[in-house]
S.K.: 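Here it is: the structure, laid out below.
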Amino acid sequence: MERELISKKELLEQTGISYGQLYRWKRKQLIPEEWFIRKSVFTGQETFFPRDLILPRIDKILHLKDDVSLDELVGKLSPDLNDFTLSKGDCWKRNIVSEVVVRRFAGELPEQAVLSFQKILFLFMADKMLQTGEMSLEEGNLLISTLEKHFADFGDKGCEIVFIRKMGVSIFFLLGHAETVHFDHGVKQVLRLSAADCIEELRMRLA
């Protein structure tokens, strides 16, 4: 799934921050390493960022940096969500995950059932893939099953969710960051989704 990117030059101009501030915040882990995306352009290599993630993050840093130290900011921007819970009904009432997805993939639970952050994340990922029109509800069952079985294996390292088809057969697998995968001629890569990006987007919706 292609995200809209913003170049480093455009980012600095739009936000008014300096090159030094940007990389200082990166060293302090206020801006995740994986948001710095190196791409080839006609002039050589250039750094880009996911527009929908970097702009709100920098806006929040600018608003908070005069009140707290950079070290304190890390905790404010990246709170531990492992203990976060939300009722099944509130997931769609707060427009975090669509009602269709919640009922389809958590339908066995009562509306007031409490969902863990990880369960909400899996529903959120399924929702994003379904909204592209490239994945069916039946394939969503396979996605959720794959996440439930293997997502925890990656721990804090993060992963990408890769959805492929071959001869009409749907396959999902999880891939560690910075890993390259090659497919044979008969494989179509349908979707590819970054778990880290989904976590950040979900974090902002829950804030």
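Just so it is clear, the structure is predicted and the values come from calculations on it, not from any experiment.
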S.K.: Are any side-chain N or O atoms of Lys88 and backbone N or O atoms of Leu109, one a donor and one an acceptor, separated by less than 3.5 Å?
M.R.: yes
S.K.: Could you pull out the closest heavy-atom pair between Ile164 and Gln189, with the gap in Å?
M.R.: CG2-CA, 4.0 Å
S.K.: Side-chain contact test, heavy atoms from C-beta onward, threshold under 4.5 Å: evaluate it for Phe172 versus Glu139 and give yes or no.
M.R.: yes
S.K.: Please tell me if the side chains of Asp52 and Glu4 come closer than 4.5 Å, counting only heavy atoms from C-beta onward.
M.R.: no
S.K.: Give a yes/no verdict on a cation-pi contact between Lys26 and Phe36, requiring under 6.0 Å between NZ or CZ and the six-membered ring centre and an angle within 45° of the axis.
M.R.: yes
S.K.: Would you check if Phe163 and Arg192 make a side-chain contact, meaning some heavy-atom pair closer than 4.5 Å?
M.R.: no
S.K.: Donor-acceptor pair, Thr15 side chain versus Leu11 backbone, under 3.5 Å?
M.R.: yes
S.K.: If I compare all heavy atoms of Gln21 with all of Lys65, which pair ends up nearest, and what's the gap?
M.R.: NE2-CE, 4.4 Å
S.K.: So do the side chains of Leu53 and Trp35 get within less than 4.5 Å of each other, counting heavy atoms only?
M.R.: yes
S.K.: Do Cys91 and Ile120 have side-chain heavy atoms sitting under 4.5 Å apart?
M.R.: yes
S.K.: Salt bridge (Lys or Arg N to Asp or Glu O under 4.0 Å) between Glu99 and Arg104: does it pass, once the steps are laid out?
M.R.: CA-CA 8 Å; Glu99 184 175 357; Arg104 173 74 184 209; over 6 Å; no
S.K.: Are Glu148 and Lys119 within salt-bridge range, i.e. N to O under 4.0 Å?
M.R.: yes
S.K.: Within the structure provided, determine whether Leu86 and Arg94 are in side-chain contact (heavy-atom separation under 4.5 Å).
M.R.: yes
S.K.: Please name the residue in the list Ile58, Asp66, Asp59 that meets the side-chain contact (heavy atoms from CB on, under 4.5 Å) test with Leu62.
M.R.: Ile58
S.K.: Take Glu201 and Lys128 through the salt bridge (Lys or Arg N to Asp or Glu O under 4.0 Å) test and state the conclusion after the steps.
M.R.: CA-CA 11 Å; Glu201 189 175 340; Lys128 286 183 73 68; 3.2 Å; yes
S.K.: Quick one: closest heavy-atom pair of Leu121 and Leu202, and the distance?
M.R.: CA-CD2, 3.7 Å
S.K.: Residues in ring-ring contact (aromatic ring centres under 6.0 Å, His included) with Phe105, at least two apart?
M.R.: none
S.K.: Applying side-chain contact (heavy atoms from CB on, under 4.5 Å) between Leu191 and each of Val162, Thr132, Ile161, report the one that passes.
M.R.: Thr132
S.K.: Should the pair Glu200-Arg205 be classified as a salt bridge under the 4.0 Å nitrogen-to-oxygen rule?
M.R.: no
S.K.: Please round to the nearest 0.5 Å and tell me the distance separating atom CD1 of Ile96 and atom CG of Asp127.
M.R.: 11.0 Å
S.K.: Tell me, do Phe124 and Ile199 make a side-chain contact under 4.5 Å, heavy atoms counted?
M.R.: no
S.K.: Taking ILVMFWY side chains as joined if any heavy atoms are under 4.5 angstrom apart, and letting links pass through other members, which residues group with Ile37?
M.R.: Leu5, Val41, Phe48
S.K.: Rounded to the nearest 0.5 Å, what's the gap from OG on Ser170 to CZ on Arg165? Could you check?
M.R.: 4.5 Å
S.K.: Looking at CD1 of Ile17 and CG of Leu22, how far apart are the two atoms once the value is rounded to the nearest 0.5 Å?
M.R.: 5.0 Å
S.K.: Can you measure from SG (Cys198) to CG (Leu193) and round to the nearest 0.5 angstrom?
M.R.: 3.5 Å
S.K.: Distance check, rounded to the nearest 0.5 Å: Leu143 atom CG versus Glu138 atom CD?
M.R.: 13.0 Å
S.K.: Got a donor-acceptor contact below 3.5 angstrom from the Glu13 side chain to the Glu10 backbone?
M.R.: no
S.K.: Do Asp184 and Lys166 make a side-chain contact, defined as non-hydrogen atoms from C-beta onward lying under 4.5 Å apart?
M.R.: yes
